[in-house]
Amino acid sequence: MKIEIEKCSTSRIGEIDFSSNLPFGKYMSDHMFICKWENGQWGTPRITPYKNLSIAPSSKVFHYGQAIFEGMKAFRDKNDNIFLFRPKDNIERFNKSAIRMNMPEFPEDLFYEALHTLVGMDKDWVPSGEGRSYYIRPFMIGCEEALNAVPSAEYLFMIIGGPVDAIFKGDVKVKIADHFSRAANGGTGFAKCAGNYGGQFYPSSLAKEEGYQSVIWTDDATHTLLEEAGQMNFMIRIGDTLRTAPVSERLLDGITRRSILRLAEDMGIKTEVGPISVAEVLEAGKKGQVIEAFGCGTAAVVSPICGIGYKDDYIDIPALSAEESFGERLRQRIFDIQYNRTEDPYGWRVEVE
Ligand SMILES: Cc1ncc(COP(=O)(O)O)c(C=O)c1O
């Protein structure tokens, strides 16, 4: 299906001061992609000026939470070429989320073309500078106007995006969850559905009151296995091995996690994918073997953890130098690929025409 394009008459780009901070997700570029599912099929795909939606209060998304999303980025190299990073992985994951939430899948080819067309049209909005990028947010909501609790018969698929700065969270102290859960067996943890995020806010704010910045989510059945770091995948270096939990229906199969595991292998860093128990981490902490820990995800790439708390225990993780830190070396390697500063033997970098 051909994408219909309506360009904005005047760009808003002059309203943004690119030399100052670009807070995450605050500025949206000139255009958006939108396509509606009704009568059992996708309608005309359109790129229009970025604008508000008019949606009935009875739309199903407001009541039953049929809402999914993705998060990905476009990068500018020093010659002003623009690149996406592993876009097909996001598309595939989006459609897995759609299936789990009983929503229609969005055709992969059209999704891919929409990303290229939208980012190509708004490429002036892709900032330059290490860590800076154009954050892309594809999402879908159930928009049928009806309050009966059955799947929506109508959906809006959209892509919006805007310039963002590097996220440096500083050193983050995390608390291991011993009561609350982000996800459960048979639940929606592996899907990027809105409710997974809303449900985290309360336990995270309780952790903040205790002086932590984030929560390490554990398995819901026993709270004995470390699984995710807030809204990121979790990695911990015990001795010389970089470890992360296996993907399961409770975990989001992160694209950064996947990339890190592959790069680490090629950089000679020993990795292990398998269950990580709270008990062994506490034990390793006492022996001084917890060398490094970090969250990883599209937004921050690598977000260093400086301490892990669990009930009355606390493991302090002193910062390493950039050369010593696996996280920092891996972040740089990912940046080098994303910003086209090095060969990409993996085919992850995709140029936007
Ligand atoms: C719960 C959760 N885990 C992990 C990740 C990291 O995934 P990715 O590397 O694909 O951004 C994210 C962010 O998207 C997330 O929301």
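Counting starts at 1 for both ligands and their atoms, in listed order. Residue numbers start at 1 and run along the sequence shown.
Geometrically, Lys96 does not engage Phe190 in a cation-pi contact defined by less than 6.0 Å to the ring centre and at most 45° from the axis.
Proximity of a side-chain donor or acceptor of Ser325 to a complementary backbone N or O of Ala322 within less than 3.5 Å is not detected.
Contact of the Gln231 side chain with the Tyr197 side chain is registered, since non-hydrogen atoms from C-beta on lie closer than 4.5 Å.
Among residue pairs with one or both ends in residues 298-307, none qualify as salt bridge (Lys or Arg N to Asp or Glu O under 4.0 Å); sequence neighbours excluded. Annotation: salt bridge (Lys or Arg N to Asp or Glu O under 4.0 Å) contacts involving residues 296-317, sequence neighbours excluded, are absent.
The contact shell of ligand 1, taken as protein residues with any non-hydrogen atom closer than 4.0 angstrom, comprises Arg93, Arg182, Lys192, Tyr197, Glu228, Gln231, Met232, Asn233, Leu252, Gly254, Ile255, Thr256, Cys296, Gly297, Thr298.
Taking Tyr50 as the reference, nothing meets the side-chain hydrogen bond (donor to acceptor under 3.5 Å, both in side chains) condition, with sequence neighbours excluded.
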